[in-house]
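First the structure, in the form of structure tokens, and then the observations on it.
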Amino acid sequence: MLIVLRPDVTAAQQEALEQLIRSRGLVPHAIPGVARTAIGITGNPGALDPEPYRDLPGVADAIAVSQPYKLVSREWKPDQTVVMVRGVPIGGPRVIVMAGPCSVESREQVHEAGRGVSRAGARMLRGGAFKPRTSPYEFQGLKEEGLRLLAEVRAETGLPIVTEVKDTATLPAVAEVADLLQIGARNMQNFSLLEAVGDLRIPVLLKRGMSATLKELLMAAEYIVSRGNPNVILCERGIRTFETMTRNTFDINAIPMLKERSHLPVIADPSHGVGVRSAVGPVAKAAIAAGADGVIIEVHPRPSEALSDGAQSLDIAQFTELMAGLSKIAEAVGRSL
Ligand code: PEP
Ligand code: MN
């Protein structure tokens with residue numbers, strides 16, 4: 001439930017309301033907004049009756065929140081959330097491009113990729129160090145060494161780093177380096193991992209599970225935010241369908257649906273979303289046209305030599321060319337890169 005406060009509410013009235021909520025075994029969350037201040041209530045297993053709250057001092061209205069996800073919903077917070085990642089705002093007027101290799105493979109590779117994507121205008125560097133691979137015989141990532149190399153490239157280029165955290169055991173190591181902690185599709189419902197990143201304040205990039213509904217994605221985000229970490233960015237990365245010509249089916253519907261239902265920033269991963277190099281650009285453009293706050297794109301200096309996801313990786317020249325196209329689409333929808 002959401003209690004909307006009167007514009008002239010006093011600090012003492014607000015404090016008394018929060019006390020009352022706590023005394024009923026519930027949890028109050030103050031939500032300052034541009035147009036209104038509100039107090040959200042969680043901790044209730046079933047629906048709460050708003051009636052007894054409506055006439056309390058300082059209260060303008062009490063509204064039942066209809067969705068099971070609350071803290072991440074637009075009902076709860078109509079104002080768009082902007083997540084700051086080492087000074088880069090995600091969810092604001094600028095569309096943010098994150099780019100880099102699927103996996104960090106060597107010092108030379110990640111430096112080349114970092115320099116290349118930075119020159120082309122990317123605002124963040126991606127690169128997996130702990131890789132969740134379908135087969136145990138595939139390249140599993142450089143792990144700690146990969147994190148060190150990412151930090152080196154950040155020092156050189158100034159680009160913040162987004163890298164995946166695969167499990168709670170390696171979270172402390174990854175959290176030391178990552179500016180944005182990626183939770184991969186395979187881990188979207190790893191609830192202990194969601195809780196663990198919810199206890200930190202480092203921004204989280206939460207990718208949609210390959211068979212997860214949008215509601216399940218929002219509930220997974222709710223796990224993180226309800227633990228106290230409000231810095232969550234949602235990511236559509238394609239879902240499993242009957243189609244076999246592409247790796248996944250990028251669900252363009254997800255972008256406007258998530259933007260409508262949630263105040264959290266929404267970005268798109270066209271690389272995994274389609275899985276075919278030639279289609280990554282068109283899908284990235286479509287996502288920006290549909291309202292995505294950013295895109296994350298796999299770029300490798302030599303995709304044919306990539307140890308993971310080479311078939312969907314752009315080389316630096318292809319990425320540089322794509323950036324010009326993305327910029328035009330962003331402008332067409334009233335934004336910029
Ligand atoms: C990745 O970003 O390289 C990755 C493994 O993504 P996903 O979890 O979306 O498959
Ligand atoms: Mn990948």
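Just follow the structure's listing: the first ligand is 1, and inside any ligand the first atom is 1. Computation of the quantities below employed the complete heavy-atom set of this structure, encompassing side-chain atoms and omitting hydrogens, waters and symmetry-equivalent molecules.
Checked by atom type, the side-chain pair Thr168/Ser192 shows no donor-acceptor distance below 3.5 Å. Side chains of Gln80 and Arg74: a donor-acceptor N/O pair is present below 3.5 angstrom, by distance only. With 3.5 Å as the limit, one finds no donor-acceptor pair spanning the side chains of Lys77 and Ser73.
Taking any N or O of Pro132, backbone or side chain, none lies under 3.5 Å from an N or O belonging to ligand 1. The shortest N/O to N/O separation between Glu164 and ligand 1 does not fall below 3.5 Å. Among the atoms of Asp269, none of the N or O lies under 3.5 angstrom from an N or O of ligand 1. Residue Arg237 has at least one N or O atom closer than 3.5 Å to an N or O atom of ligand 1.
Closest approach of Ile161 to Ala151, counting heavy atoms only: CD1-N, 3.7 Å. Closest of all the heavy-atom pairs between Gln109 and Pro301 is O-CG, 3.7 Å.
When the Mn ion (ligand 2) is compared with the N/O/S atoms of Asp309, atom OD2 turns out nearest.
How far CG of Leu307 is from NE2 of His300: 6.5 Å, rounded to the nearest 0.5 Å.
By heavy-atom distance, the residue among Arg247, His272, Gln312 lying nearest atom 1 (C) of ligand 1 is His272.
The backbone N or O of Gly238 sits less than 3.5 Å from a side-chain atom of Glu236, completing a donor-acceptor pair.
For Gln182, every heavy-atom contact with ligand 1 shorter than 4.0 Å involves the side chain, none the backbone.
With the Mn ion (ligand 2) as the vertex, OE2 (Glu298) and SG (Cys102) define an angle of 90°, rounded to 10°.
By the 4.0 Å heavy-atom criterion, Lys131 is counted among the residues contacting ligand 1.
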